[in-house]
Student: 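What follows is a single structure, and I will ask about it in a moment.
In what follows, chains carry the letters A, B, and so on, assigned in the order in which the sequence lines appear, proteins first and then strands, with residues in each chain numbered from 1. Small disclaimer: the values here were computed from a predicted structure and weren't measured.
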Amino acid sequence: MFVYILTNMTQKAINETSLTLELLLSILAIVISIGSVVFEYFWNKKINKTNLEADFFKDIYRDYLMNKLPNARNVILYNNRIISATDDLINVLNDIRRSSLFYKYKDKKFYDKLCKQLQDLEDELVNKTDETIDYDDFTKFVNKINLDIENIYNTIMDKYIGKK
Amino acid sequence: MITITLEFSKNETKLAGFPYGRAVYIAQARDNIKFNDEITIIFPEQIEQVASSFVQGFFAEIVSIIGYKGVGKNITIISKSDKLTDSIYKNIY
């Protein structure tokens, strides 16, 4: 009799434990489902925002980087020891600066860095245009211009790939 | 109407640099400007090129007081050529 009662009580305890465990697992499954939905919502929102910004970015810079900047750079002349035909490149640098105004309010750090690079290069071009310089100085000038343009490309591309 | 003719050394034909633009504004324009008046700024004939950095240094305080719209409305720029004048206006932005 006693064994029978004991067996019954043990069975009951096991059943209750099993029930509690099942309940816990069900609650956990619901929580995970809701969590997944919430996570997916915020993740998609972030992806959409990133994609939108990437679209803006491409719209702003694609033509400058692919066409206008390299073509304007190629036009610069050195004849009779005088540098000329820098207007195109100066105009493109200013166009890039004005086109970047969106980032003055979206990412001021990037905007300030890019503007400084653009205007430092412009200052160099303005100061050297129509100046008489020897070939060695012209070589240094060309190397500096190329390096400055490379840095501008790097600043813009680093922003695009999300590198700080 | 206020007219300000900027003065530079004879061999200076190009203007560049934000600090230089601001220094010229402080030395030659700031005390003569009344912002409720029309203002004409004359760049002398010898000046052939003006970098955007100079323009922004020179006009920084003016823009902060009367805004870009005010600049467009009240400021007249005269320089050696229409092309240069146009470039100076555009580089205020």
Student: Check the orientation of Phe57(A) and Phe110(A). Use parallel for under 30°, tilted for 30 to 60°, and perpendicular for over 60°.
Tutor: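 Taking Phe110(A) first and then Phe57(A), their aromatic rings sit tilted (interplane angle of 30° to 60°).
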Student: Can you tell me which portion of Ile90(A) sits under 4.5 Å from chain B's heavy atoms? Options are side chain, backbone, both or neither.
Tutor: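 It is the side chain, since no backbone atom gets that close.
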Student: To the nearest 0.5 Å, tell me how far Glu7(B) CD sits from Gln46(B) CD.
Tutor: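 Atom-to-atom, Glu7(B):CD and Gln46(B):CD are 9.5 Å apart.
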Student: Does CG belonging to Asn143(A) count more than 12 external heavy atoms closer than 6.0 Å?
Tutor: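 Yes, the 6.0 Å shell around CG holds more than 12 heavy atoms from other groups.
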Student: Name the member of Leu15(B), Asn91(B), Thr13(B) that forms the most heavy-atom pairs with chain A at distances under 4.5 Å.
Tutor: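 Winner by heavy-atom pair count: Asn91(B).
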Student: Which of these, Thr40(B), Ile39(B), Asp37(B), sits in a side-chain contact (heavy atoms from CB on, under 4.5 Å) with Met1(B)?
Tutor: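 Answer to the side-chain contact (heavy atoms from CB on, under 4.5 Å) test with Met1(B) among Thr40(B), Ile39(B), Asp37(B): Thr40(B).
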Student: What part of Asp87(A) gets within 4.5 angstrom of chain B, counting heavy atoms only: side chain, backbone, both, or neither?
Tutor: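 Side chain only.
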